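Let me begin by presenting the structure, written as C-alpha coordinates, before commenting on it.
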Amino acid sequence: ALLVAAALLVSVVFATGAFAEKKPEYTLKLGHLANTEHTWHKGSLKFAELVEQKTDGRVKVQVFPNEQLGKEMEVIGNIQSGIVDMLITGESMMNWAPLCGLIAVPYMIRDSAHMEKIVEGEVGQAIEKEVIEKVRLRPVSWFERGARNLTSNREIRKPEDLNGLKVRVPNVPLFVATWEALGAKPTPMAFSEVFTSLQQGIIDGQENPYDLIKSASFFEVQKFVNMTEHVRGWIYLVIGEDRFQSMPKDIQAAVLEAGKEAQAYERQLFRAEQDQLVQDLKDKGMTFVEVDKAAFMKVAEPAVLKFLSPELQEMYKKIVAI
Ligand code: 2Q2
(Lines give C-alpha, C1' and ligand atoms only; values in the text may rest on other atoms or scores of the structure.)
Protein backbone atom coordinates (compact mmCIF):
# COMPACT_ATOMS: atom_id res chain seq x y z
CA ALA A 1 0.00 0.00 0.00
CA LEU A 2 2.90 2.28 0.78
CA LEU A 3 4.38 1.67 -2.67
CA VAL A 4 1.09 2.46 -4.35
CA ALA A 5 0.80 5.68 -2.38
CA ALA A 6 4.34 6.65 -3.36
CA ALA A 7 3.65 5.91 -7.01
CA LEU A 8 0.47 7.98 -6.86
CA LEU A 9 2.33 10.87 -5.30
CA VAL A 10 5.00 10.74 -8.02
CA SER A 11 2.42 10.72 -10.80
CA VAL A 12 0.55 13.63 -9.24
CA VAL A 13 3.77 15.64 -9.05
CA PHE A 14 4.52 14.96 -12.72
CA ALA A 15 0.99 15.65 -13.85
CA THR A 16 1.00 19.06 -12.18
CA GLY A 17 4.23 19.78 -13.98
CA ALA A 18 6.31 20.36 -10.88
CA PHE A 19 9.20 18.42 -12.42
CA ALA A 20 8.21 18.72 -16.05
CA GLU A 21 10.06 20.99 -18.43
CA LYS A 22 8.33 24.24 -19.34
CA LYS A 23 6.21 23.55 -22.40
CA PRO A 24 6.86 25.90 -25.33
CA GLU A 25 3.97 28.16 -26.35
CA TYR A 26 4.99 27.96 -30.01
CA THR A 27 6.64 25.11 -31.86
CA LEU A 28 7.94 26.00 -35.31
CA LYS A 29 8.66 23.27 -37.85
CA LEU A 30 11.51 24.23 -40.20
CA GLY A 31 12.37 22.19 -43.30
CA HIS A 32 15.19 22.31 -45.86
CA LEU A 33 16.61 20.04 -48.55
CA ALA A 34 20.26 19.69 -47.47
CA ASN A 35 21.83 17.07 -45.18
CA THR A 36 22.88 17.53 -41.55
CA GLU A 37 26.50 18.39 -42.50
CA HIS A 38 25.38 21.33 -44.64
CA THR A 39 25.73 24.98 -43.60
CA TRP A 40 21.96 25.48 -44.05
CA HIS A 41 21.35 22.84 -41.41
CA LYS A 42 23.93 24.29 -39.04
CA GLY A 43 22.53 27.77 -39.63
CA SER A 44 19.02 26.47 -38.92
CA LEU A 45 20.13 24.81 -35.68
CA LYS A 46 21.82 28.06 -34.64
CA PHE A 47 18.57 29.91 -35.39
CA ALA A 48 16.65 27.39 -33.26
CA GLU A 49 19.07 27.78 -30.38
CA LEU A 50 18.96 31.58 -30.54
CA VAL A 51 15.17 31.79 -30.71
CA GLU A 52 14.83 29.48 -27.73
CA GLN A 53 17.35 31.54 -25.77
CA LYS A 54 15.86 34.90 -26.67
CA THR A 55 12.31 33.81 -25.79
CA ASP A 56 13.25 31.95 -22.62
CA GLY A 57 11.97 28.72 -24.08
CA ARG A 58 8.58 30.06 -25.15
CA VAL A 59 9.42 29.17 -28.76
CA LYS A 60 10.87 25.87 -29.92
CA VAL A 61 12.14 25.29 -33.46
CA GLN A 62 12.32 21.76 -34.88
CA VAL A 63 14.65 21.39 -37.87
CA PHE A 64 13.97 18.76 -40.57
CA PRO A 65 16.77 18.16 -43.14
CA ASN A 66 16.68 16.24 -46.46
CA GLU A 67 13.16 17.33 -47.43
CA GLN A 68 11.83 15.20 -44.56
CA LEU A 69 9.12 17.79 -44.10
CA GLY A 70 8.24 17.56 -47.82
CA LYS A 71 9.47 18.83 -51.16
CA GLU A 72 10.26 22.52 -51.41
CA MET A 73 7.17 23.38 -53.49
CA GLU A 74 4.86 21.35 -51.22
CA VAL A 75 6.28 22.94 -48.10
CA ILE A 76 5.59 26.42 -49.49
CA GLY A 77 1.95 25.40 -49.90
CA ASN A 78 1.87 23.80 -46.46
CA ILE A 79 3.22 26.96 -44.83
CA GLN A 80 0.57 28.98 -46.65
CA SER A 81 -2.11 26.70 -45.24
CA GLY A 82 -0.57 26.78 -41.76
CA ILE A 83 0.50 23.14 -41.44
CA VAL A 84 4.25 23.89 -41.17
CA ASP A 85 6.12 27.07 -40.40
CA MET A 86 9.55 27.63 -41.90
CA LEU A 87 11.64 26.77 -44.97
CA ILE A 88 14.85 27.59 -46.78
CA THR A 89 13.80 28.71 -50.26
CA GLY A 90 14.67 31.12 -53.03
CA GLU A 91 14.14 31.29 -56.78
CA SER A 92 11.33 28.69 -56.66
CA MET A 93 9.21 31.44 -55.14
CA MET A 94 9.17 33.10 -58.58
CA ASN A 95 6.11 30.91 -59.20
CA TRP A 96 4.27 33.35 -56.88
CA ALA A 97 6.54 36.39 -56.78
CA PRO A 98 8.05 37.18 -60.21
CA LEU A 99 10.84 39.29 -58.67
CA CYS A 100 12.37 36.09 -57.27
CA GLY A 101 13.28 35.30 -60.88
CA LEU A 102 16.18 37.69 -60.34
CA ILE A 103 17.80 35.11 -58.05
CA ALA A 104 17.98 32.76 -61.04
CA VAL A 105 19.42 35.01 -63.74
CA PRO A 106 22.59 33.53 -65.24
CA TYR A 107 25.83 35.50 -65.14
CA MET A 108 24.23 38.47 -63.36
CA ILE A 109 25.90 38.48 -59.92
CA ARG A 110 29.68 38.89 -60.18
CA ASP A 111 30.91 38.01 -56.68
CA SER A 112 30.06 38.03 -52.95
CA ALA A 113 30.43 41.79 -52.61
CA HIS A 114 28.12 42.42 -55.58
CA MET A 115 25.58 39.98 -54.17
CA GLU A 116 25.61 41.65 -50.78
CA LYS A 117 24.97 45.07 -52.34
CA ILE A 118 22.04 43.71 -54.33
CA VAL A 119 20.38 41.68 -51.57
CA GLU A 120 20.85 44.33 -48.89
CA GLY A 121 19.92 47.17 -51.26
CA GLU A 122 16.83 48.42 -53.09
CA VAL A 123 16.43 45.30 -55.22
CA GLY A 124 16.60 42.98 -52.22
CA GLN A 125 14.07 45.09 -50.36
CA ALA A 126 11.67 44.95 -53.30
CA ILE A 127 12.07 41.16 -53.47
CA GLU A 128 11.42 40.70 -49.74
CA LYS A 129 8.35 42.92 -49.88
CA GLU A 130 6.93 40.95 -52.79
CA VAL A 131 7.71 37.65 -51.06
CA ILE A 132 5.75 38.74 -47.99
CA GLU A 133 2.81 40.04 -50.03
CA LYS A 134 2.55 37.37 -52.73
CA VAL A 135 4.03 34.20 -51.22
CA ARG A 136 2.91 35.06 -47.67
CA LEU A 137 6.40 34.15 -46.42
CA ARG A 138 8.67 36.46 -44.43
CA PRO A 139 12.45 36.26 -44.95
CA VAL A 140 14.34 36.32 -41.63
CA SER A 141 17.83 35.51 -43.02
CA TRP A 142 19.52 35.25 -46.39
CA PHE A 143 22.41 32.93 -47.17
CA GLU A 144 24.99 33.44 -49.90
CA ARG A 145 25.30 30.49 -52.28
CA GLY A 146 28.19 29.23 -54.40
CA ALA A 147 27.92 29.32 -58.20
CA ARG A 148 25.81 26.61 -59.80
CA ASN A 149 27.67 24.08 -61.93
CA LEU A 150 26.43 21.40 -64.30
CA THR A 151 27.28 17.80 -63.39
CA SER A 152 27.08 14.94 -65.91
CA ASN A 153 28.66 11.71 -67.03
CA ARG A 154 30.17 13.18 -70.17
CA GLU A 155 32.22 16.33 -70.48
CA ILE A 156 30.36 19.48 -71.43
CA ARG A 157 32.62 22.31 -72.59
CA LYS A 158 30.29 24.37 -74.74
CA PRO A 159 26.52 24.63 -75.28
CA GLU A 160 26.66 22.42 -78.42
CA ASP A 161 27.95 19.56 -76.26
CA LEU A 162 24.63 19.51 -74.39
CA ASN A 163 22.84 18.17 -77.43
CA GLY A 164 19.60 17.19 -75.67
CA LEU A 165 21.18 16.28 -72.33
CA LYS A 166 18.37 15.68 -69.84
CA VAL A 167 19.17 18.12 -67.06
CA ARG A 168 17.18 18.23 -63.85
CA VAL A 169 16.37 21.77 -62.70
CA PRO A 170 14.35 22.90 -59.66
CA ASN A 171 10.78 24.13 -60.29
CA VAL A 172 12.02 27.45 -61.61
CA PRO A 173 10.63 28.59 -64.98
CA LEU A 174 13.69 30.74 -65.68
CA PHE A 175 16.00 27.73 -65.34
CA VAL A 176 13.82 25.82 -67.80
CA ALA A 177 14.03 28.68 -70.30
CA THR A 178 17.79 29.00 -69.90
CA TRP A 179 18.62 25.32 -70.39
CA GLU A 180 16.22 25.01 -73.31
CA ALA A 181 17.96 27.90 -75.03
CA LEU A 182 21.32 26.25 -74.37
CA GLY A 183 20.18 23.07 -76.12
CA ALA A 184 19.52 20.77 -73.16
CA LYS A 185 16.26 19.06 -72.14
CA PRO A 186 15.47 20.62 -68.75
CA THR A 187 13.26 18.57 -66.42
CA PRO A 188 11.84 20.24 -63.27
CA MET A 189 11.97 17.91 -60.29
CA ALA A 190 12.19 18.07 -56.50
CA PHE A 191 15.70 17.91 -55.05
CA SER A 192 15.11 14.74 -53.05
CA GLU A 193 14.26 12.82 -56.23
CA VAL A 194 17.40 13.75 -58.13
CA PHE A 195 19.82 11.09 -56.84
CA THR A 196 17.58 8.15 -57.74
CA SER A 197 16.63 9.70 -61.07
CA LEU A 198 20.30 10.08 -61.98
CA GLN A 199 20.97 6.53 -60.86
CA GLN A 200 18.12 5.16 -62.97
CA GLY A 201 19.02 7.25 -66.01
CA ILE A 202 15.73 9.20 -66.00
CA ILE A 203 17.94 12.29 -66.18
CA ASP A 204 21.55 12.69 -67.33
CA GLY A 205 22.66 15.67 -65.28
CA GLN A 206 21.77 18.32 -62.75
CA GLU A 207 23.10 21.71 -61.76
CA ASN A 208 23.88 22.98 -58.27
CA PRO A 209 26.61 24.61 -56.21
CA TYR A 210 29.39 22.36 -54.82
CA ASP A 211 27.82 22.21 -51.36
CA LEU A 212 24.62 20.54 -52.57
CA ILE A 213 26.50 18.22 -54.96
CA LYS A 214 28.29 16.99 -51.87
CA SER A 215 25.23 17.07 -49.59
CA ALA A 216 23.22 14.78 -51.86
CA SER A 217 26.18 12.50 -52.79
CA PHE A 218 25.75 13.20 -56.50
CA PHE A 219 29.43 12.20 -56.87
CA GLU A 220 28.26 8.59 -56.61
CA VAL A 221 26.27 8.89 -59.84
CA GLN A 222 27.98 11.78 -61.71
CA LYS A 223 31.53 11.89 -63.01
CA PHE A 224 32.05 15.47 -64.17
CA VAL A 225 31.66 18.91 -62.67
CA ASN A 226 31.49 21.15 -65.72
CA MET A 227 32.43 24.54 -64.35
CA THR A 228 29.68 26.55 -66.00
CA GLU A 229 29.27 28.76 -62.90
CA HIS A 230 26.07 29.89 -64.59
CA VAL A 231 24.12 31.27 -61.61
CA ARG A 232 25.29 32.94 -58.44
CA GLY A 233 22.21 33.13 -56.27
CA TRP A 234 21.20 33.36 -52.68
CA ILE A 235 18.48 31.81 -50.55
CA TYR A 236 16.17 32.88 -47.72
CA LEU A 237 15.21 31.35 -44.42
CA VAL A 238 11.50 32.19 -44.29
CA ILE A 239 8.63 31.94 -41.82
CA GLY A 240 4.93 31.87 -42.71
CA GLU A 241 3.66 35.46 -42.58
CA ASP A 242 0.34 34.50 -40.95
CA ARG A 243 2.17 32.47 -38.33
CA PHE A 244 4.57 35.37 -37.73
CA GLN A 245 1.73 37.88 -37.33
CA SER A 246 -0.06 35.54 -34.91
CA MET A 247 2.82 35.78 -32.41
CA PRO A 248 3.27 38.56 -29.84
CA LYS A 249 5.55 41.49 -30.71
CA ASP A 250 8.40 40.46 -28.38
CA ILE A 251 8.53 37.01 -29.96
CA GLN A 252 8.45 38.50 -33.46
CA ALA A 253 11.43 40.66 -32.51
CA ALA A 254 13.31 37.63 -31.13
CA VAL A 255 12.67 35.69 -34.35
CA LEU A 256 14.00 38.50 -36.53
CA GLU A 257 17.06 39.03 -34.32
CA ALA A 258 17.82 35.32 -34.26
CA GLY A 259 17.50 35.32 -38.06
CA LYS A 260 20.12 38.04 -38.46
CA GLU A 261 22.53 36.34 -36.06
CA ALA A 262 22.08 32.92 -37.65
CA GLN A 263 22.74 34.55 -41.03
CA ALA A 264 26.13 35.88 -39.87
CA TYR A 265 26.96 32.49 -38.36
CA GLU A 266 26.07 30.61 -41.55
CA ARG A 267 28.07 33.04 -43.70
CA GLN A 268 31.24 32.30 -41.77
CA LEU A 269 30.79 28.56 -42.18
CA PHE A 270 29.97 29.02 -45.88
CA ARG A 271 33.10 31.09 -46.59
CA ALA A 272 35.37 28.79 -44.62
CA GLU A 273 34.38 25.65 -46.56
CA GLN A 274 34.54 26.84 -50.19
CA ASP A 275 38.05 25.60 -51.12
CA GLN A 276 37.61 22.39 -49.18
CA LEU A 277 34.46 21.51 -51.14
CA VAL A 278 36.39 21.29 -54.42
CA GLN A 279 38.94 19.01 -52.82
CA ASP A 280 36.21 16.86 -51.26
CA LEU A 281 34.49 16.34 -54.63
CA LYS A 282 37.83 15.51 -56.27
CA ASP A 283 38.57 13.02 -53.49
CA LYS A 284 35.21 11.43 -54.22
CA GLY A 285 36.34 10.90 -57.82
CA MET A 286 34.78 13.83 -59.67
CA THR A 287 36.67 15.47 -62.54
CA PHE A 288 36.46 19.24 -62.95
CA VAL A 289 36.01 20.43 -66.52
CA GLU A 290 36.91 23.91 -67.80
CA VAL A 291 34.09 25.26 -69.96
CA ASP A 292 33.79 28.04 -72.50
CA LYS A 293 31.85 30.33 -70.20
CA ALA A 294 31.67 33.10 -72.80
CA ALA A 295 29.82 30.72 -75.13
CA PHE A 296 27.30 29.84 -72.39
CA MET A 297 26.82 33.52 -71.57
CA LYS A 298 26.26 34.43 -75.19
CA VAL A 299 23.30 32.05 -75.49
CA ALA A 300 21.89 32.44 -71.98
CA GLU A 301 21.72 36.22 -71.82
CA PRO A 302 19.34 36.95 -74.73
CA ALA A 303 17.19 33.95 -73.74
CA VAL A 304 16.78 35.33 -70.24
CA LEU A 305 16.11 38.87 -71.38
CA LYS A 306 13.38 37.58 -73.66
CA PHE A 307 11.86 35.75 -70.70
CA LEU A 308 11.88 38.65 -68.22
CA SER A 309 9.04 41.16 -68.07
CA PRO A 310 9.93 44.80 -68.95
CA GLU A 311 9.93 45.64 -65.22
CA LEU A 312 12.39 42.84 -64.45
CA GLN A 313 14.56 43.77 -67.43
CA GLU A 314 14.89 47.27 -65.97
CA MET A 315 15.94 45.84 -62.62
CA TYR A 316 18.38 43.48 -64.33
CA LYS A 317 20.04 46.42 -66.07
CA LYS A 318 20.31 48.26 -62.76
CA ILE A 319 21.83 45.23 -61.05
CA VAL A 320 24.55 44.65 -63.63
CA ALA A 321 25.40 48.38 -63.57
CA ILE A 322 25.94 48.41 -59.77
O1 2Q2 B 1 18.52 22.37 -56.89
C2 2Q2 B 1 17.83 22.75 -55.94
O3 2Q2 B 1 16.75 22.25 -55.67
C4 2Q2 B 1 18.30 23.91 -55.14
O5 2Q2 B 1 19.60 24.24 -55.37
C6 2Q2 B 1 17.44 25.07 -55.58
O7 2Q2 B 1 18.18 26.13 -56.09
C8 2Q2 B 1 16.71 25.66 -54.51
O9 2Q2 B 1 16.11 24.70 -53.73
C10 2Q2 B 1 15.68 26.57 -55.13
O11 2Q2 B 1 14.66 25.79 -55.67
C12 2Q2 B 1 15.28 27.57 -54.16
O13 2Q2 B 1 14.01 28.02 -54.36
Side-chain angles (χ1 to χ4, degrees), residues 30-35 38-41 43-44 64-80 86-106 108-109 115 119 124 127-128 130-131 134-139 141-152 166-179 184 186-198 203-219 221-222 225 228-239 266 270 277:
L30 185 169
H32 65 81
L33 54 74
N35 71 2
H38 195 276
T39 57
W40 294 353
H41 190 70
S44 300
F64 299 84
N66 297 313
E67 292 201 323
Q68 279 168 10
L69 211 52
K71 300 166 185 168
E72 184 177 358
M73 298 290 283
E74 294 169 357
V75 174
I76 293 177
N78 284 340
I79 298 179
Q80 289 165 340
M86 298 186 72
L87 176 68
I88 297 181
T89 182
E91 61 273 18
S92 292
M93 293 189 290
M94 79 175 286
N95 292 294
W96 293 265
L99 285 182
C100 288
L102 290 169
I103 308 171
V105 176
M108 180 185 79
I109 299 288
M115 186 185 299
V119 186
I127 294 175
E128 291 192 24
E130 196 181 64
V131 165
K134 298 200 173 146
V135 204
R136 306 290 303 152
L137 299 177
R138 173 175 293 260
S141 318
W142 68 271
F143 301 150
E144 176 180 346
R145 304 186 69 183
R148 298 181 84 89
N149 286 293
L150 174 70
T151 66
S152 59
K166 277 179 268 162
V167 178
R168 176 272 173 178
V169 293
N171 276 288
V172 177
L174 193 49
F175 284 162
V176 175
T178 302
W179 287 100
T187 311
M189 183 187 287
F191 188 78
S192 48
E193 291 174 342
V194 179
F195 183 91
T196 314
S197 302
L198 285 168
I203 48 170
D204 306 314
Q206 67 82 42
E207 45 82 55
N208 255 303
Y210 299 143
D211 47 59
L212 287 184
I213 298 174
K214 184 182 172 195
S215 172
S217 303
F218 291 151
F219 48 78
V221 284
Q222 297 274 268
V225 179
T228 45
E229 301 187 332
H230 51 280
V231 174
R232 270 175 208 282
W234 62 94
I235 202 150
Y236 295 100
L237 172 60
V238 299
I239 182 167
E266 195 275 350
F270 169 82
L277 283 171

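Predicted model, so just to flag it, every value in this text is computed and none were measured. Whatever order the structure lists ligands and atoms in, that order sets their numbers, starting from 1.
Interatomic distance, CG of Leu69 versus CG of Leu87, reported as 8.5 Å (0.5 Å rounding). Of the inter-residue distances, the one linking Asn208 atom CG with Arg145 atom CZ reads 6.0 Å to the nearest 0.5 angstrom. Atoms NZ and OG, on Lys71 and Ser192 in that order, are 6.0 Å from each other to the nearest 0.5 Å.
Using modelled atom types and a 3.5 Å distance limit, the side chains of His38 and Asp211 yield a donor-acceptor pair.
Contact shell of ligand 1 (protein heavy atoms, cutoff 4.0 Å): Leu33, Glu72, Thr89, Gly90, Glu91, Ser92, Arg145, Arg148, Arg168, Pro170, Phe191, Asn208, Leu212, Ile235.
Checked for salt-bridge contact, Lys134 and Glu130 meet the test: a charged N lies under 4.0 Å from a carboxylate O.
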Would you check, one step at a time, whether the test ring-ring contact (aromatic ring centres under 6.0 Å, His included) holds for Phe218 with Phe191? CA-CA 11 Å; Phe218 291 151; Phe191 188 78; 5.6 Å; yes
